[in-house]
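All remarks here apply to the structure that follows.
Convention: sequence-line order gives letters A, B, ...; per-chain numbering from 1. Predicted model, so just to flag it, every value in this text is computed and none were measured.
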Amino acid sequence: MPTPMKVRDFREIERAWQQAWDKAGVFTAERDDNRPKYYVLEMFPYPSGKIHMGHVRNYTMGDVIARYRMACGYNVLHPMGWDAFGMPAENAAMENGIHPGAWTRRNIEDMRNQLKPLGLSIDWSREFATCDPEYYGQQQAMFIEMLEMGLVCRKSALVNWDPVDMTVLANEQVVDGKGWRSGAEVERRTLTQWFFRISEFSEELLAAIDGLDGWPEKVRLMQRNWIGKSRGLEIDFDIVAGAGKQKSIKVYTTRPDTLHGANFVAISADHPLAGVLAESSAEIAAYLDECRRTAVSEAALEAIEKTGIDTGLKVRHPLLPDEALPVWIANFILHDYGTGAIFGCPAHDQRDLDFSRKYGLPVIDVFVAPESCKVVEDIAFVPPKNVKVRYLRRVAGEEIQTGEEAVNAAIDRCERAGLGRGVVRYRLRDWGISRQRYWGCPIPAVHCEACGTVPEKKENLPVVLPQDVSFEQPGNPLDRHAEWKSVPCPKCGRPAERETETMDTFVDSSWYFARFTAPHAKTPTSMEDAEYWMNVDQYIGGVEHAILHLLYSRFFARAMNIIGHLPKKAIEPFDAMFTQGMVTHEIYMTRDAKGRPLHHFPDEVEFSDDGAMLKSTGEPVEVIPSAKMAKSKKNVINPLDLIDRFGADTARWYIISDSPPERDVEWTNAGVEAASKHLQRMQRMAAEFADDQRSGDEAADAALLAATHRTISEVTSGIDRFAFNKSVAELYKLVNFIARSEAGGESKRDAFRVVARLMAPITPHLAEEIWSMLGCNGFVADAGWPEANPDLLQDELVTMPIQVNGKRRSEIQVPRGTAGDEIKRLVLEDAAVARYLAGSQPRKLIVVPERIVNVVF
RNA sequence: GCCCGAGUGGCGGAAUUGGUAGACGCAGGGGACUCAAAAUCCCCCGACGAUGAGUCGUGCGAGUUCGAGUCUCGCCUCGGGCACCA
């Protein structure tokens, strides 16, 4: 037995190879017009201060893709940055008195230090944070350019108002209709705010989804539904008597075929008419007050009990001039959708039915199932639009027709009669970007008494956030900062006031991918670099961003093209999208003296047979089932311990092998040790093979070669289709095969060199180590991707299962390419088949070549 | 409430186009080595049945098909999003 080769500790290995990569600059991305590029991007993190398993998972996946593409010969761009503005920094300021900027900078520092040991193939020279004035200054420049191009507007919008803290609350800060700090009942308020005119792009954003072949179908579907294109009828209901100047109520409906079933008209509490009516009715005014005490989120609005008030006003039914319908104000009508007014058709809408039953309004059936005369009682009859129904009262068209046909017929008729017009509407609303907060990108505008609201001059950019702010009072510190606010008007030069609103942090994340292509440019992008690096070839991130972030980015890329910062080809910036599942964890909660929830980190909680309790106080802890890891819920876990104990390769191998990437993963400790053992075993094997001079028998050598090539093929296809867990399984299989193989030393070394190359994207440090142990020069990272020889992929013999009446009863082995007739003959000779047939003749014999045989009798 | 997903052994999961359900890993059981333990190596491992024959089995209920984890319809449970969390 020769002396075994020295096997190094993972700490030594990981440190050594990370230094070697750094020194060689293997991951620095440089434009090279002679090489094909590949841009891999994972959604950049919010710098919460601690990386969690979701980050490890997300960035390892991206790293697997980046290293794999690098091995395949691409010039890879794989950058990293920080989504650094946002509320948690202000919350920390309020809780601990630390400045949001200082808190954020420290967190970035900490998180970078936590990410680096993972050995990611990131070009750190491109790193930036969205709170860098160099970044948000460019964002301000684009805001001004977008304003000039008519892509920005100001209009009123509803916000959650906390009357005690005198501040605007995010939806997340509203808990059960109350402010999370003050506990006061939240009110709706109207403010004039800045908007991006994304709704102008509704049709374009919708149509372009068809071209996003590299996106998951579910994300495309979610985006389509979000944009929500509908065709319907806009029709006026004339007011019969007395409502001041207003003569009619404009209603939008996608079901004009049910007009004859209308029994009331309802308007939103924010409808102008509601305000007019409230002036002369204390009752209505009181009801509107009540409606105002609701949070603004649609989910909250849908969850509350549906109520309404009869205004006493009547409108004429547009098709039945003799019929008058009552006008109600109802709390479930969305002000922002359609015209903010609807007609109720209780027979064919459950909500209208519930409302009508509650307030004793009549129910009029419009259609029934073709073969039925069953009328509506407590369940509204709402068949899919493409199903034929029989109309009892029809606006137009055949007696029996689909809802779709009837809708079109009704629109046609109403248009011809001059009663209304067919319109296409979108659910997508303009993007409100105003935030009444400090820690965000200042909106570069100035309010001047003489000139109105005007953009800041470009030469005055960036409009930098002031440092000297305090968070002891609620509200926006920028509002209280007299010195910062006071500026000369960019237009007339007279004293004026700076805009104190900052931008939604979604703006920051809507173009960072473009900035990575030229992170130090003096303009938002450099066209040459954007031309080369765009688009992102593979974007990876959480499914929770499937709608808003991706839609805003798609809009922003179009806007950047219009204002000249992105080429036309980049208006769909992400060629391929992969939505990874979330890392979930239980949530631990106690309540404070006032009964408000307090969340705790998992490492603050201790478990015993009596349940969970706080380590510090022994206070019992309520365990809430697993949900997405979120900073606000504190259900996050620290992966650093794992890396300290087992090393980055083990952490990476485990997180990649444990679950399919698109599925949620519940973090557990099980399996990590196994991953570590496997990697150690591979090291021992490499040491053993390094000087193994034995020659093996030919059959074993050939079998090992074939197994190796099958593995190349499987691992490659696994990575290509984001089935990393499958790739890992195949690597396990091959390593087990090698361990048991009687092949010779050289064959085993060859096989193991392939294994090193195949595992390099997942466990890069160990792969380098094994590569060098087996006497190879240079980096495995530069060694290229192995190619499978197709001749070695297929077995000579094929096993075909035999089913009898659809149940597996036997199997035969036949040489590949055996004719169907020959297979049939062999099947009928099979003992098990003969036993089941018991002498009778099969009715049918189905042979699927190289797959299966089914005997039917 | 509305939109989108997911559900397979004790556990994580595999089954690429409708064609052997349970690859691979974990946990568990048995054995080898050892004075012993750890480490390592070998074998078993869906349920019922006896270890056999066989029967059942992919959240539940129907359906299409020679054949369904996979397709269709109706449910249940869990998760995500719902425009100011990121």
Side-chain angles (χ1 to χ4, degrees), chain A residues 43 45-46 48 83 85-88 157 159-160 168-174 216-219 221-222 224-226 228 296-304 306 332 336 350-351 427-437 504-506 509 542-549 551-552 579 581-582 584 625-628 630-633 654 657-660 662-666 668 670-675 677-678 680-681 684 717 721 723 725-726 728-733 736 739-740 799-808 810-811 843-846 848 851-857:
Chain A
M43 289 178 184
Y46 179 81
S48 60
D83 189 12
F85 278 134
M87 289 203 310
V159 296
N160 297 308
V168 176
L169 296 179
N171 285 333
E172 165 186 82
Q173 295 173 314
V174 179
E217 195 46 52
K218 66 171 174 180
V219 175
L221 192 56
M222 281 191 262
R224 283 192 190 102
N225 290 341
W226 186 262
V296 296
S297 81
E298 197 176 311
L301 213 58
E302 294 279 0
I304 54 170
K306 313 294 180 286
F332 60 87
D336 295 314
Q350 190 61 42
R351 194 168 52 185
R427 207 182 71 99
L428 180 64
R429 304 199 296 256
D430 278 337
W431 175 11
I433 59 159
S434 290
R435 298 293 180 270
Q436 295 69 37
R437 283 185 244 289
D504 178 6
T505 56
F506 269 125
S509 56
V543 66
E544 67 270 29
H545 295 293
I547 295 174
L548 289 177
H549 163 63
L551 194 62
Y552 291 154
T579 51
M582 286 161 297
T584 63
S626 274
K628 174 179 77 153
K631 293 154 283 291
S632 60
K633 299 273 165 43
Y654 174 68
S657 66
D658 192 53
S659 270
E662 70 280 6
R663 216 178 288 179
D664 289 353
V665 55
E666 167 80 16
T668 66
V672 179
E673 299 223 13
K677 277 181 195 172
H678 174 73
Q680 286 174 39
R681 179 191 189 206
R684 282 198 307 274
S717 87
R721 60 198 170 94
N725 53 327
K726 281 283 319 275
V728 167
E730 293 299 330
L731 285 167
Y732 265 114
K733 228 194 243 177
N736 289 338
R740 283 164 210 173
T799 303
M800 294 184 75
I802 303 170
Q803 296 184 333
V804 178
N805 288 337
K807 290 196 192 286
R808 186 189 171 282
S810 182
E811 64 178 37
R843 207 151 49 81
K844 227 172 175 181
L845 225 168
I846 297 154
V848 184
R851 269 270 153 85
I852 201 165
V853 181
N854 195 1
V855 184
V856 186
F857 74 95

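- In this model, the phosphate group of B:C24 is not approached by any side-chain N or O of A:N725 to a distance below 4.0 Å at OP1 or OP2.
- In this structure, of B:A86, B:A14, B:G19, it is B:G19 that holds the atom nearest to the side chain of A:V848.
- Within 4.0 Å of A:D336, counting heavy atoms only, lies no atom of the nucleic acid at all.
- With hydrogens and angles ignored, no donor-acceptor pair closer than 3.5 Å exists between the side chain of A:N225 and the base of B:C3.
- Without hydrogens or angle criteria, A:N725 side chain to A:S659 main chain gives no donor-acceptor distance under 3.5 Å.
- Comparing B:U20, B:G5, B:C24 by their nearest atom to the side chain of A:L221 picks out B:G5.
- Because its glycosidic torsion is more than 90° from 0, B:G25 is reported here as anti.
- As judged by a 4.0 angstrom heavy-atom cut-off over every strand, A:S657 is placed among residues making no nucleic acid contact.
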What would the secondary structure line of RNA chain B be in dot-bracket form, counting Watson-Crick and G-U wobble pairs under 3.5 Å, with [ ] for pairs that cross earlier ones and | for pairs with another strand? (((((((..(((......[....))).(((((.......))))).(((.....)))..(((((..]....))))))))))))....
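- Among the heavy atoms of the strands, none lies under 4.0 Å from A:V219.
- At the phosphate of B:A14, neither OP1 nor OP2 sits under 4.0 Å from any side-chain N or O atom of A:R721.
- Note: A:F506 and A:Y552 have perpendicular aromatic rings, judged against thresholds of 30 and 60 degrees for the angle between ring planes.
- Here A:R427 lies in heavy-atom contact (under 4.0 Å) with a base.
- Using modelled atom types and a 3.5 Å distance limit, the side chains of A:R681 and A:N736 yield a donor-acceptor pair.
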